[in-house]
S.K.: 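There's a structure below that I have some questions on.
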Amino acid sequence: MTEHAPARLHGCWPAAMALACSGCARQGNFLRPSGEGAELIAMLTWATIVLSAVVSIVVIVLTAYAVLHRKEDVRDWTEEKDRPVIRWIVIGGAVVPGVLLLVLFVATMLTLAGLAPMRASGPLAIELTGRQWWWQVRYVNDSLPQLRFESANEIHIPIGVRVPVRLTSVDVIHSFWVPELQGKIDLIPGRTTHTWLHAERPGVYQAKCAEYCGLQHTRMELLVIAHAPDEFEAWLAHASGPAVATSAGEPGLRVFLDAGCGLCHSIRGTPARAGIAPDLTHVGARLELAAGTVPNTRGHMAGWIANPQALKRGARMPRMRLTPEELHVLVDYLQRLE
Amino acid sequence: MGRFAVFDPPPGMSRAEQERFEQTWSAPKGLIGKLRTINNIPIAQRYMITAFMFFLFGGVMGLLMRIQLGTPENTFLDAETYNQLFTMHGTTMMFLFVIPFIEAIANYVMPLLLGTRDLPFPRLTALSYWTYVLGGIFLYSSFLFGAAPDGGWFAYVPLTNREYSPAINMDWWDIGLSVAEVAAMGAAAELIVAILRTRAPGMSLNRMPVFVWAMLITAFMIIFAFTPLIVGTAMLELDRKGLTSWFVPEAGGEPLLWQHLFWVFGHPEVYIMFIPAVGIVSHLVQVFARRPLVAYPLVILALLATGFISFGLWVHHMFTTGLSPTAMGFFAAASTIIAIPTGIQMFSWIGTLWTGRPVWRTPLLFVIGFLVIFTLGGVTGVMVGSVPFDLQAHDSYFIVAHFHYVLIGGVVFPLVGGLYYWLPKITGRMTSERLGRWNFWMMFVFFNVAFFPMHVSGILGMPRRVYTYAGGTPLDTLNMISTIGAVGFALGVLLFVVNVLWSLKNGEEAGDDPWQADTLEWSQSSPPPQAQFPALPVVRSRHPLWEQDSLEPEDPKLKRQLDDFDWKPIGWRGTLIVTVQDARPLAIAQIPGPSIWPFIMSIAFVFLFAGALLDSAALAGIGGVATLIALFGWFWPDDAGRQALADFPEHDEDPDRLPLAVAGPISSGFWGTLVFLTIMATALLTLVASYYYVGEGPSPWWPAFTPDNAWTAAAVLLLAVLAAGAMFMGVRRIQRDATPALGAPLAVAFAATVATVPLLWRAWSGSGLAAATDAHASAVLFLICFQILLHLVLAAMLGAGLAWALFAAGDRRGRGVAWNAALVAWFVAPAWLISAFTIYLSPELW
């Protein structure tokens, strides 16, 4: 860890923050993609939307004409007279749709090939584990086994690369969805599923759980943050390291450990090494708290620690009984963990 | 009586005799009488009203959810309530509204369309209804305890298993669902036998009205689709009770198995709702275009194709679970190809309207509304069948929009149109055209206002099943528009209710045939007489009321055969049995009269449900004993049956006189048993497939096989074959002998079957497998318990047959019981061969 790395990060953070704040307000839109995966799907989608619109309009116009045009008397109906009509039924109902569906099928399979998980390029990979109701993120490097660290509710990727993502769940089924980057993939207990993330330009992309996973399914969001390659390297160097303040003399860390936070959370470089709740090593640098429930500000963090159930009922985090001073010192400490 | 003289009482029939005939078919009166009623018409009316009430409840839940989502970060509902509401909204609409409502309409109109007098198993109709209404109340009572189901109508495990849903909520769902299952299965068996065996003479398969075809296909689909659901919910409930571990990953179980079982039901389910709806559309199109449907054979083929293909595309609900590209390709192709049969039907309707002369009445408006809305739902369906698009759209509001277009546009609009069409027949009064037009336009416009914006919400990344969303985005406006639309749509539905209530008092008299329609129900008075057809109509055309001058028999032999149905029989309910393909008269069947036992049995079921819910052996025991008592009461021979036997003696001199259908292939019971066995075969197939789907678990597959167990399995097989062989002898005696001696074969078969039950249990208990912690063991346990269930059913049937043989050997009804038992015995032996092979031998071949 070099001296100025945090400073550099600080330097780029306001930009990221600005993106995030507009990100809070900007809605994801899978027809305005920012990555290769979503782009492939968007192309197919536009094609099918146009096709669907044409088919719908044709059918509706035909229906309208059928009931509104002027008729001769139909009392002398014979089966003979139906012959040409039946020919049109076969053409309109089977032949034309058959050809269109065949074209669509080819486009589907080509797009699917483009989305294949095996198109991911390592060596850096992300292991995403679903938990009620947050995301455990582990960064691993397949050719560099010592690089392996954990974070939560935020995924950082470099732009221009298809970063492999391996997903599983430890409790119920969840689904990972970044509308602007990639289609959904489920997180299933007892299985590992695969996808990749690719972003074309730096930015903060909203992601969320798309499979109903219990009481707070709504409050299970995360952010995907894409960096330019050199910026990403700097981020990686910093994020993979221990927390910035680990000295036993830190009053906030003492409160953290005394209150028992370390029974669930971990802060690398301190005795807190538990792994059943979000890793807090660099919690101060995160943009949001409680899996997208609130922005990560001092006030929200204090509120969350003091009464998690008020913010996100059913969350597994217990209410911490701290004095106002303790809470102040603790929040102060956690906010410094950038 | 109307323009068809055939239905007038025969000349020379005394007034007293006429009254006695009408008395035979009339539904009993008074409070107890209402509980004993089994006639299809009053039962179907109750069914319709109950299902419509559930539609309104489900709609209110939808409105509450829309109010919550109308504004961002709304706190009108909390997370728990919202989750309960969307679970119950879906469950209600699927299981308590659409399916029962379709069954209700089919129960009402089917005998009228077929030209027969009632459904073949009227007591089963009553049981289905009572179970449905009591079960629905049972499920809704969970609201009173604040414990409504909250795991989604699809109830994905592990979220719904014991660990993540420890409260009683999902038990309520799981057990309450058996209600819909019982009712749907009952209706399916009923309709299959009714359509295949009790049509009007001359109504060959190629003359059946489209709705009849649609219901026949639907009934088969219900059997093949609901059976896996029943198996799946049984697995889930036993997992929740901690007895098995089908879906527990740590025990080798597979959460995805639930998804497969649920969607192999859930997707055909969509077509189970859709096919009857388009069947109704075909009727409305031809009646209101004033000409026969163009390309009738193509439309029937399209319905059949839809039914088949619908079983090959359930996996498109699981595209995001990480499947192989081959699997995705196959299911994408199947999911989109189903558009072709639908396209054929669309163009057939358009062609019919094109060459017809549309009559602008309310039902036609709903048909046009259906064509427009369903087209949009159909094309978005093709879109989501394309896997990559589905990866984005899945579980987003785009899907919510899509399936509401399909289910409201494709099912509710035709149902409402169908109601406007058949209500005059049901109530005898016309509804108001003015209110009808308002009703249509309100529903049509506000439907689109409510659901079209949801396509956009989904594209903008709004997932399903969220109780709120962040503000400051276009979602605010879109959701507000949807909420306004939902309120308007609800008002439109309310107008329908107003119109119906208004018509009951103020509506014009409908007369027999207010629409100048083509099918048999319009030849009768509105509402129809209790016997429905005092004399049986004869069909010589696909559109008898348009193309036939009379419904009377022309062929002298047919005329003589039908004489027995001319305001006859008196004192018992007789109906005609015909051949499957050509509908040539074959026999006269006695169908059961009023009975309190179906009602009592449904009460017993409620005790069983409550016992299962509360883990109370006492309640379940009461329910079990009461069920047995009800079964005895139900099947206890009555006077009507004796009188039928006396009226139709076994050896009649008159060669033209039809025989009484009491035993074998001409009886309805025989066909009902075949339907039952089809259900059992489907269940067995589901269990075997599930066995192979779950992983090996802590114990490998082989341990079920011990030398001791192998001998037990072989002994069971031997005994089952012995029982089957004995019943083969029995059936030969029935076919050959004038007075067959059935005591010996029945006694042998009964003894052999009873002996297998403890042996089967030993095959399980001696295996040393632990189902609670081992998914493979759970699969073995299920296969063995399923076999025990089969043997118990067989033993009960054989026991009943034996009782007949011992106490009333000459009575022909005993032969019917023996015949049906034989069918079951011939199924049970091969079933065990398959199960035993799966459990004991297949792991070795793996």
Side-chain angles (χ1 to χ4, degrees), chain A residues 24-25 27-31 40-41 44-45 48 52 55-56 59-60 62-63 66-67 71 74 77 82 85-86 88-89 92-94 97-98 101 104-105 108-109 111-112 115-116 171-173 175 177 179 183-186 188-190 193-194 206 208 210-218 313, chain B residues 79-80 83 152 156 158-159 164 249 255-256 290-291 294-295 298 320-322 325 328-329 332-333 336-337 339-340 343-344 346-348 350-351 353-358 368 371-372 375-376 379-380 383 386-389 391-392 394-395 459-461 463 465-468 470 472-475:
Chain A
C24 312
Q27 192 53 46
N29 176 341
F30 69 69
L31 290 180
L40 282 167
I41 300 177
L44 179 73
T45 304
T48 55
S52 300
V55 169
S56 305
V59 171
I60 290 170
L62 285 176
T63 307
V67 289
K71 314 285 172 81
V74 289
W77 167 81
D82 274 354
V85 185
I86 292 175
W88 280 110
I89 290 172
L101 291 178
L104 175 64
F105 183 69
T108 294
M109 293 316 280
T111 312
L112 209 49
L115 296 172
D171 41 48
V172 305
I173 298 174
S175 191
W177 185 27
K184 296 175 195 72
I185 183 81
D186 291 352
I188 303 167
T193 51
H194 301 266
Q206 286 198 341
K208 47 198 108 192
E211 183 61 78
Y212 176 61
C213 56
L215 185 62
Q216 287 296 351
H217 164 58
T218 307
R313 204 145 50 84
Chain B
E80 279 102 334
N83 294 345
Y156 274 11
L159 180 60
Y164 299 102
L256 286 188
R290 290 280 178 267
R291 56 147 297 160
V294 184
L298 280 182
T320 61
T321 57
M328 291 204 268
T336 48
I337 221 155
I340 289 182
I344 296 266
M346 295 286 286
F347 277 81
S348 161
I350 292 174
L353 291 168
W354 193 295
T355 54
R357 202 167 239 264
I368 307 291
L371 285 170
V372 172
T375 302
L376 295 172
V379 294
T380 54
M383 288 175 74
S386 171
V387 186
F389 177 72
L391 297 181
Q392 285 282 20
H394 182 72
D395 274 339
I459 288 172
L460 294 185
R465 299 166 189 135
V466 292
Y467 60 83
T468 192
T473 75
L475 286 182

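Naming convention: chains lettered A, B, ... in sequence-line order (proteins, then strands); numbering from 1 in each chain.
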S.K.: Which region of A:T193, side chain (C-beta onward) or backbone (N, CA, C, O), has a non-hydrogen atom less than 4.5 Å from a non-hydrogen atom of chain B, or is it both or neither?
M.R.: side chain
S.K.: Measuring heavy-atom distances to chain B, does A:L62 have an atom under 4.5 Å in its side chain, in its backbone, in both, or in neither?
M.R.: both
S.K.: Please round to the nearest 0.5 Å and tell me the distance separating atom CD1 of A:I41 and atom CG of A:L31.
M.R.: 10.5 Å
S.K.: Name the member of B:I368, B:T321, B:L298 that forms the most heavy-atom pairs with chain A at distances under 4.5 Å.
M.R.: B:T321
S.K.: Answer with side chain, backbone, both or neither: which region of B:Y156 has an atom nearer than 4.5 Å to a non-hydrogen atom of chain A?
M.R.: side chain
S.K.: Let me know if A:L215 has heavy atoms under 4.5 Å from chain B in its side chain, its backbone, both or neither.
M.R.: both
S.K.: In terms of heavy-atom pairs under 4.5 Å, which option from B:A332, B:G351, B:G329, B:A339 contacts chain A the most?
M.R.: B:G329
S.K.: Measure distances from A:I60 to the heavy atoms of chain B and classify the residue's part below 4.5 Å as side chain, backbone, both or neither.
M.R.: side chain
S.K.: Which atom pair, heavy atoms only, marks the closest approach of A:I173 to A:C213?
M.R.: O-CB, 3.7 Å
S.K.: Heavy-atom pairs under 4.5 Å with chain B: which of A:A210, A:G190, A:G98, A:P97 has the most?
M.R.: A:A210
S.K.: Of all of A:V59, A:I86, A:V85, A:V67, which one pairs up most often with chain B through heavy atoms under 4.5 Å apart?
M.R.: A:V67
S.K.: Can you say whether A:L101 sits under 4.5 Å from chain B via the side chain, the backbone, both, or neither, judging by heavy atoms?
M.R.: side chain
S.K.: Measure B:P325 against the heavy atoms of chain A and call it side chain, backbone, both or neither at under 4.5 Å.
M.R.: backbone
S.K.: Checking B:Y164 against chain A: side chain, backbone, both or neither under 4.5 Å from a heavy atom?
M.R.: side chain
S.K.: Which atom names give the shortest non-hydrogen contact between A:K208 and B:P463, and what distance separates them?
M.R.: CD-CG, 3.5 Å
S.K.: I need the residue from A:L44, A:D171, A:T63 with the largest number of non-hydrogen atom pairs under 4.5 Å to chain B.
M.R.: A:D171
S.K.: To the nearest 0.5 Å, what is the distance between CG (B:D395) and NE2 (A:H217)?
M.R.: 7.0 Å
S.K.: What heavy-atom pair brings A:I89 and B:A295 nearest, and what distance separates the two atoms?
M.R.: CD1-CB, 3.9 Å
S.K.: Side chain, backbone, both or neither: which part of A:I188 has an atom under 4.5 Å from a heavy atom of chain B?
M.R.: side chain
S.K.: Ignoring hydrogens and angles, state whether a donor on the side chain of A:D186 or B:T320 is under 3.5 Å from an acceptor on the partner side chain.
M.R.: yes
S.K.: Check the angle between the aromatic planes of B:F389 and A:F30 and answer parallel, tilted or perpendicular using the 30° and 60° thresholds.
M.R.: perpendicular
S.K.: Please find the pair of heavy atoms, one from A:R313 and one from A:Q216, that lie closest to each other, and give the distance.
M.R.: O-NE2, 2.9 Å
S.K.: Could you state the interatomic distance from OG1 (B:T355) to CZ (B:R291), rounded to the nearest 0.5 Å?
M.R.: 3.5 Å
S.K.: Let's go through A:Q206 and A:W177 carefully: what are the C-alpha distance in whole Å and the side-chain angles of both, what is the deciding distance for side-chain contact (heavy atoms from CB on, under 4.5 Å) to 0.1 Å, and is it a yes or a no?
M.R.: CA-CA 9 Å; A:Q206 286 198 341; A:W177 185 27; over 6 Å; no
S.K.: Heavy-atom pairs under 4.5 Å with chain A - which of B:G322, B:P158, B:A79 has more of them than the others?
M.R.: B:P158
S.K.: For chain A, which candidate among B:I459, B:V466, B:V372 shows the most heavy-atom pairs at distances under 4.5 Å?
M.R.: B:I459
S.K.: Can you measure from CG (B:L391) to CG (A:L112) and round to the nearest 0.5 angstrom?
M.R.: 7.0 Å
S.K.: Where does A:Y212 contact chain B at under 4.5 Å (heavy atoms): side chain, backbone, both or neither?
M.R.: both
S.K.: Search all heavy atoms of A:S56 against all heavy atoms of B:L376 and return the closest pair with its distance.
M.R.: OG-CD2, 3.6 Å
S.K.: Side chain, backbone, both or neither: which part of B:L353 has a non-hydrogen atom closer than 4.5 Å to chain A?
M.R.: both
S.K.: Looking at A:V172, A:L40, A:I185, which has the largest count of heavy-atom pairs under 4.5 Å with chain B?
M.R.: A:V172
S.K.: So among A:T48, A:T108, A:T45, which one has a side-chain hydrogen bond (donor to acceptor under 3.5 Å, both in side chains) with B:S386?
M.R.: A:T108
S.K.: Top residue by heavy-atom pair count (under 4.5 Å) with chain B, among A:H194, A:M109, A:E211?
M.R.: A:E211
S.K.: Quick one: what part of B:P249 sits under 4.5 Å from any heavy atom of chain A, side chain, backbone, both or neither?
M.R.: side chain
